[in-house]
Amino acid sequence: MADPKGFLTTGREVAPTRPVATRVKDWNEVYVPGSLLPIIGKQAGRCMDCGIPFCHNGCPLGNLIPEWNDYAYREDWEAASERLHATNNFPEFTGRLCPAPCEAACVLGINQPAVTIKNVEVSIIDRAWDAGGVRPQVPERLSGKTVAVVGSGPAGLAAAQQLTRAGHTVVVYERADRVGGLLRYGIPEFKMEKRHINRRIEQMRAEGTKFRTGIEIGRDLTATDLRKRFDAVVVAAGATTARDLPVPGRELRGVYQAMEYLPLANKVQEGDYVTTPLSAEGKHVVVIGGGDTGADCVGTAHRQGAASVTQLEIMPRPGEERSEGQPWPTFPMLYKVTSAHEEGGERVYSVSTTHFEGDEDGNVRFLHLVEVEFTDGKLVHKPGTERRIPAQLVTLAMGFTGTDTANGLVAQLGLDLDERGNIARDKDFATNVDGVFVAGDAGRGQSLIVWAIAEGRSAARAVDRHLTGASSLPAPIRPTDRALTV
């Protein structure tokens with residue numbers, strides 16, 4: 001145990017953020033650089049080393065949280081990094097992007113603020129990188145087997161790294177011009193600077209993983225040819241079919257999917273554009289959708305100089321405390337103030353968009369909405385609550401409905417889909433086509449980064465067994481496992 005009295009003597013302290021007025025003028029991460037290390041030892045010391053650490057249940061990766069908390073408290077950073085990497089290929093990603101179901105399941109959180117698990121995690125891995133402690137793990141021998149991984153998001157990268165380390169020759173295909181999937185082009189720079197992806201990709205290249213960008217399987221390379229070239233295929237293409245909003249005026253210029261808007265802002269940071277073709281500068285921006293992607297749109301609009309930002313959510317505003325219907329250790333739906341929300345804008349709950357209004361040139365100018373409520377389990381409009389708000393740029397951030405079927409990948413491989421539009425798989429992550437496996441959102445549906453990495457690791461074990469008859473790779477989850485909820 002770290003500090004036997006730490007949870008009694010030390011309060012929760014999280015990473016401080018840079019002043020709003022400063023950070024909205026740049027795209028750097030919002031946190032004060034180097035601010036965690038002076039406080040992280042005591043924060044790690046708040047871990048109670050529970051007899052039954054429920055944080056393990058909250059995290060699908062099965063992260064060994066009490067162990068690396070103890071090492072961080074004792075400042076044994078090398079051991080802490082080893083324990084962290086034992087279950088997680090990319091802790092620098094999860095430490096920045098995961099909503100931390102582990103903290104929701106922390107035993108201390110029953111009656112006190114939970115341990116700052118995410119902050120400890122990111123402190124350990126950042127220090128490991130700075131100290132040169134993250135090195136390539138080159139396999140001792142090659143198996144002679146080849147694997148194609150379709151998609152370079154967290155699931156695809158995790159599967160690729162595990163299979164490379166197992167001795168297989170792995171090629172990752174990415175349809176975008178750079179590796180990273182939504183990590184690269186869906187996550188704004190202020191949430192995670194892309195240097196974290198770049199150095200991890202370089203580690204993977206040094207281990208032997210090969211990357212092919214700008215190639216979309218199904219269009220640029222047929223799925224049939226892919227199967228001929230490789231002994232196994234892992235489809236980790238994500239659930240990229242965005243939910244649309246079929247209301248009058250949807251066709252107006254200025255109404256875009258979030259994943260049309262966000263990638264362009266990231267491409268500016270990559271140096272592809274001087275300014276984004278879809279800028280919020282001087283515009284009244286409306287973001288439809290109250291989740292993390294919506295918050296990313298809010299923060300991006302602030303940095304582009306929007307005149308105003310309004311975020312709409314059809315559901316009621318969540319409470320700030322756990323309700324009886326969301327008991328510990330489940331992941332509660334609470335009112336969340338992200339760094340983007342701290343920077344300004346208005347959040348409106350329990351409203352539905354009825355239509356968009358444009359000008360004579362076909363540009364959106366107003367959004368019409370109405371207040372809603374749930375009656376007998378049905379969503380109904382409240383009479384007399386209709387109004388319109390200025391809207392010169394609208395982003396739709398309402399989630400995703402399934403994997404992309406338009407590019408031909410699914411049809412060419414002959415893959416079955418489940419009732420939700422995801423690629424169907426069995427208990428071993430295998431599809432109905434021999435030698436083809438699926439990992440991440442493409443099989444699970446829209447989920448969290450920790451679930452994607454866990455799926456990639458588990459699918460890698462299944463592929464390894466398929467190719468060699470046995471595997472020593474870990475498999476933290478099954479395809480049927482779900483988050484700890486009620």
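Checking side-chain atoms of Glu193 against main-chain N and O of Arg195 turns up no donor-acceptor pair under 3.5 Å. A donor-acceptor distance shorter than 3.5 angstrom exists from the side chain of Gln257 to the backbone of Arg243, with no hydrogens or angles considered. The main-chain N or O of Pro332 is never found under 3.5 Å from a side-chain atom of Thr330 such that the two would form a donor-acceptor pair. The closest donor-acceptor contact from the side chain of Asn266 to the backbone of Arg184 lies under 3.5 Å. Side-chain atoms of Asp441 never come within 3.5 Å of backbone atoms of Arg444 as a donor-acceptor pair (strictly under, hydrogens ignored). Of the possible polar contacts, one joining the Thr146 side chain to the Asp231 backbone as a donor-acceptor pair under 3.5 Å is found. Thr431 contributes no side-chain N or O that, together with a main-chain N or O of Leu415, makes up a donor-acceptor pair within less than 3.5 Å. Counting only distance, with no hydrogens or angles, the side chain of Asn88 and the backbone of His85 share no donor-acceptor pair below 3.5 Å. Side-chain atoms of Gln304 never come within 3.5 Å of backbone atoms of Ala306 as a donor-acceptor pair (strictly under, hydrogens ignored). Side-chain atoms of Asp296 never come within 3.5 Å of backbone atoms of Ile187 as a donor-acceptor pair (strictly under, hydrogens ignored).
By the 4.5 Å heavy-atom criterion applied to side chains, Val179 and Leu157 are counted as neighbours. With contacts defined as side-chain heavy-atom distances shorter than 4.5 Å, the pair Asp244/Leu396 qualifies. Side-chain contact between His168 and Leu467 is present, with at least one heavy-atom pair separated by less than 4.5 Å. Inter-residue side-chain proximity for Thr240 and Thr403 is flagged as unmet; no heavy-atom pair is nearer than 4.5 Å. Using a 4.5 Å cut-off on side-chain heavy atoms (C-beta onward), Trp68 and Glu82 make no contact. Between Val255 and Phe356 the shortest side-chain heavy-atom distance falls below 4.5 Å. Considering only heavy atoms from C-beta on, Asn363 stays 4.5 Å or farther from Leu252 through its side chain. By the 4.5 Å heavy-atom criterion applied to side chains, Val150 and Val234 are not counted as neighbours.
Contact between Leu393 and Val364 at its shortest, heavy atoms only, is N-CG1, 4.4 Å. Minimum heavy-atom separation, Pro476 to Pro60: CB-O, 3.5 Å. Shown here for Ala442 and Val235, the closest heavy-atom pair between the two residues is CB-O, 4.3 Å. Contact between Cys55 and Pro66 at its shortest, heavy atoms only, is SG-CD, 4.1 Å.
Aromatic ring centres of His196 and Phe90: separated by at least 6.0 Å.
Here Arg425 pairs with Glu455 in a salt bridge; the nearest charged N to carboxylate O distance falls below 4.0 Å. A salt bridge between Glu202 and Arg205 is present, with a side-chain N of the basic residue lying under 4.0 Å from a carboxylate O of the acidic one.
A distance of 9.5 Å separates OG1 of Thr300 from NZ of Lys191, quoted to the nearest 0.5 Å.
Side-chain contact of Asn63 with His56: a donor-acceptor pair under 3.5 Å is absent, judged by distance alone. Remark: the Gln161 side chain and the Gln203 side chain contain an N/O donor-acceptor pair separated by less than 3.5 Å. No hydrogens or angles considered: a donor-acceptor pair under 3.5 Å links the side chains of Asp177 and Tyr185. Judged purely by distance below 3.5 Å, without hydrogens or angles, the side chains of Thr241 and Thr401 never pair a donor atom with an acceptor atom.
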Requested in this report: Give the C-alpha distance, both sets of side-chain angles, the deciding distance and a yes or no for salt bridge (charged side-chain N to carboxylate O under 4.0 Å, His left out) between Arg178 and Glu270.
Outcome: CA-CA 10 Å; Arg178 293 181 178 86; Glu270 296 282 2; 3.5 Å; yes
For Glu103 and Lys118, run salt bridge (charged side-chain N to carboxylate O under 4.0 Å, His left out): C-alpha distance rounded to whole Å, both residues' side-chain angles, the deciding distance at 0.1 Å, then the answer.
CA-CA 8 Å; Glu103 293 187 17; Lys118 270 183 61 173; over 6 Å; no
- Check the pair Arg18, Glu29 against salt bridge (charged side-chain N to carboxylate O under 4.0 Å, His left out), reporting the backbone distance first and the verdict last. CA-CA 9 Å; Arg18 297 186 291 131; Glu29 290 183 5; over 6 Å; no
Decide salt bridge (charged side-chain N to carboxylate O under 4.0 Å, His left out) for Arg175 and Asp404; before the verdict, give the C-alpha distance in whole Å, the side-chain angles of both, and the deciding distance to 0.1 Å.
-> CA-CA 12 Å; Arg175 62 183 176 181; Asp404 185 356; 2.9 Å; yes
| request: Could you give me the CA-CA distance, side-chain angles and deciding distance for Arg461 and Gln162, then say whether side chain to side chain contact (heavy atoms under 4.5 Å, CB included) is met? | output: CA-CA 8 Å; Arg461 176 183 172 88; Gln162 294 293 95; over 6 Å; no
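When Lys194, Lys267, Arg23 are each tested for a salt bridge (charged side-chain N to carboxylate O under 4.0 Å, His left out) with Glu189, only one passes: Lys194. For the side chain to side chain contact (heavy atoms under 4.5 Å, CB included) criterion with Ile288, the lone passing option out of Leu367, Thr395, Ile314 is Leu367.
Cation-pi geometry between Arg303 and Phe190 is met: under 6.0 angstrom from the ring centre, within 45 degrees of the axis.
Ring planes of Tyr173 and Phe230: perpendicular class, angle over 60° (limits at 30 and 60°).
Counting heavy atoms of neighbouring residues, nucleotides and ligands inside a 6.0 Å radius, atom CZ of Arg219 exceeds 12 of them. At most 12 non-hydrogen atoms from other residues, nucleotides or ligands lie less than 6.0 angstrom from CZ of Arg465. No more than 12 heavy atoms of other residues, nucleotides or ligands shown are found within 6.0 angstrom of CD on Glu281.
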